[in-house]
Amino acid sequence: MLKRTRTCGQLRLSDAGKKVVLAGWAHSYRDHGNLVFIDLRDREGLTQLVFDPEIQPQAHELARTVRCEWVIAARGVVRPRGEGLENPKLATGQVEVVVGEFEILNKAKTPPFEIELVKGQAEKTNEEFRLANRYIDLRRPEMQQKLRVRHRAAKITRDYFDQLGFWEIETPMLAKSTPEGARDFLVPSRLHGNSFYALPQSPQLFKQILMVGGVEKYFQIVRCFRDEDPRADRQAEFTQIDVEMSFADTDDVIGVNENLVAKIFKEILDVDVATPMRRMSYDEAVADYGVDRPDLRFDMKLKDISAIARQSDFKVFKSVLEGGGIVKGVCAPGGGRYTRSDIEKTLTDFVADYGAKGLAWCKVRRENDELSLAGGTSKFFSPDLQRQLIERFEAKDNDLLLLVADTEQIANKALAPLRCKLAGELKLYDPGSFEFVWIVDFPLFEWNEGEGRYDSLHHPFTAPVPEDLGKLETDPAGIRSQAYDIVVNGSEIGGGSIRIHQPPVQQKVFDLLNISREQAEQRFGFFLKALEYGAPPHGGIAFGLDRLVMLLTGTDNIRDVIAFPKTQRGQCLLTDAPSEVDQKQLDELNLRAQRHSHTTRQGPDPQEQRPQPNDA
RNA sequence: GGGGCCGUAGCUCAAUUGGUUAGAGCAUCGGACUGUCGAUCCGAAGGUUGAGGGUUCGAGUCCCUUCGGCCUCGCCA
């Protein structure tokens, strides 16, 4: 086998005259009868091979048989291309390799779709197909670029933490199920009948126990599993950069980790991220943006206009306000271009998805040098109230006011995505820019109406702000936590907290979460015990590596940054997982498959109707 | 569990109000060609319109069911 000496992205004019060996895939071929050209591709680039029958008749004959995606190797001499023959589209376009010795390393079937060099082409191919033939899809330069960025982000992370004295420590994949939070993936135990491991939703308790174990500085790039429905930015199986530090407070954790983020953006994108990053309280984020992960690339703050709406003649507003709701809205600069049908159909349907029962609107217009409202619900507002609304939103001519009257929760839930949608459509920001913010001062608990108890906003191990400890008995909802999320462009890429390290505080929190002593003992007993043996104050964070790489590569599809992702229904189209298993495997695990009607294969094949001993 | 969009040749897409034998580009196969680089030129082959059922003289098109993909609500401490 010819051993390659150079890559296909490497050769330049200065290499002219050198003897080289290249290997790769035949990207395309151009057969002129006499001269044959093959563009040879490896992951570094493309180099043109020339086969001249007058120089090497055998190599030329062989080259004529080559087809796309055959794996080939060639030895030859680097030659400057003649004048006018350069290809400015290729980094190696100034030269070509005149082949003397040629070898076909492997033939290939015609690929099911073409491997395009042009960015954006991958999206044009049916994704189902790309996933089923991932090995072809991954040959596209744009996919390889994403894999490369992912690798580099991981490499920078490892080097960064190593230099700061953090140790990368692995934690178990076969772990204990903790029913809080997301649904667990369960793994049956063969040696312990009727018992199950759970795949970790995160290494949370292990990393805290590592702190109790005196490790002091831990990190891990680790796979986590949550059995919930996927989304465009969410897979059941995902990767975290997991970090934990002892004797650290919020500023320590934020400082170490924002510097990592800045380093990654600088080294990969050459983007300068200003540190320390901006911080914003949870309350401010929710009030101004309706969510705890605001996109700060554009302004468009939400405004509570309940006080103004109360004075209007609009019955819908008044009845919502009387019922304890609010009227909140957003001003879309230049939104006057939306037609009445855009608003009353498209935008109203949009907010309806989030539970909003309607969307009130007014357009802002200038008449005789005076701004006023027109259309929609403007008629319910007196000229003075109109002036107040315009002032409140700092609205300009041709803006659009959109108002939701509902509970505060629903109004925010609807307006936050509406704000982002409008800003995107109205092109109010540079999509290539990045705005970082730490969200801090989260409430420790949120009230769960349905269950009649408090839920942790983050998780039950998050420490309260020390000054608020007194409220544990009196005002649990008013307790702030020492939690922090890092948000970029409206995407939460990481979050963490200072943890509770004192058993009595942990116990009190469990009480408020309505977790009984018995339950706590059964689920977290091992952890509570560890806390009693000298747990240092500690805290940490976890980043979503997938989302980070999505931002770095400019994709909004998480499957693009995962080599072998799963579909919306959790299937791997390449390997066909999940699949049924042999009865023998089930027997060994003492498991029986329960075949409900909805899981039984359809299709009345009488052969399939053999007795099922497992039928319930 | 709910809502929405989509499925036509290997790939990307067409196909008038339901109307003749479902077309085109690329890819594939055969041929021609000394400088191409999205090679070009000539020719060929390529289809259970995701599947099943229905309405109709007639269905890619309309209706129902179903499979699959994507987006989304719920869910994701």
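Small disclaimer: the values here were computed from a predicted structure and weren't measured. Chain naming here is simple, since letters A, B, ... match the order of the sequence lines and numbering starts at 1 in each.
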At 4.0 Å (heavy atoms only), tell me whether A:Glu128 reaches a base, stays on the sugar-phosphate, or touches nothing. sugar-phosphate
Have a look at A:Thr47 and say if it touches a base, only the backbone sugar-phosphate, or nothing, with a 4.0 Å heavy-atom cut-off.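 The residue A:Thr47 makes no contact with any strand.
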Examine the base of B:U36 for any acceptor or donor lying under 3.5 Å from a partner atom in the side chain of A:Gln48, and report the outcome as yes or no. yes
Kindly say whether, by distance alone, the side chain of A:Arg81 makes a donor-acceptor pair under 3.5 Å with the base of B:C37?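 A donor-acceptor contact between them is present.
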Please give me every residue in residues 82-96 of chain A whose heavy atoms get under 4.0 Å of an atom in RNA chain B, ordered by residue number.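 Per residue number, the list reads A:Leu85, A:Glu86, A:Asn87, A:Lys89, A:Glu96.
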Could you verify whether a donor N or O on one side chain and an acceptor N or O on the other, from A:Asp441 and A:Ser281, lie under 3.5 Å apart? no
Side-chain donor-acceptor pair under 3.5 Å between A:Gln201 and A:Asp184, yes or no? yes
Any side-chain N or O of A:Tyr29 under 4.0 Å from OP1/OP2 of B:G38?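 No.
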Under-3.5 Å N/O pairs linking protein and nucleotides 32-34 of chain B:
| residue | atom | partner | partner atom | Å |
| --- | --- | --- | --- | --- |
| B:C33 | N3 | A:Asp31 | O | 3.0 |
| B:C33 | N3 | A:Gly33 | N | 3.4 |
| B:C33 | N4 | A:Asp31 | O | 3.3 |
| B:C33 | N4 | A:Gly33 | N | 3.3 |
| B:U34 | OP2 | A:Asn34 | ND2 | 3.4 |
| B:U34 | O4 | A:Glu54 | OE2 | 2.6 |

Dump the pairs, protein N or O against N or O of nucleotides 70-74 of chain B, anything under 3.5 Å, distances to one decimal.
| residue | atom | partner | partner atom | Å |
| --- | --- | --- | --- | --- |
| B:C70 | OP1 | A:Gln568 | N | 3.1 |
| B:C70 | OP2 | A:Gln568 | N | 2.8 |
| B:C70 | O3' | A:Arg559 | NH2 | 3.0 |
| B:C71 | OP1 | A:Arg559 | NH1 | 3.3 |
| B:C71 | OP1 | A:Arg559 | NH2 | 3.1 |
| B:C71 | OP2 | A:Gln568 | NE2 | 2.6 |
| B:U72 | OP2 | A:Ala232 | N | 3.1 |
| B:U72 | O4 | A:Gln568 | OE1 | 3.3 |
| B:C73 | OP2 | A:Arg231 | NE | 3.1 |
| B:G74 | OP1 | A:Lys413 | NZ | 3.4 |
| B:G74 | N7 | A:Arg231 | NH2 | 2.8 |
| B:G74 | O6 | A:Arg231 | NH1 | 3.0 |
| B:G74 | O6 | A:Arg231 | NH2 | 2.8 |
| B:G74 | N1 | A:Asp229 | OD2 | 2.9 |

Write down the partner of B:A24 under the Watson-Crick or G-U wobble criteria, each distance required to be under 3.5 Å.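 Pairing partner: B:U12.
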I want to verify a distance call: between B:C11, B:U28, B:U36, whose nearest atom is closest to the A:Arg30 side chain?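 Among B:C11, B:U28, B:U36, the one nearest the side chain of A:Arg30 is B:U36.
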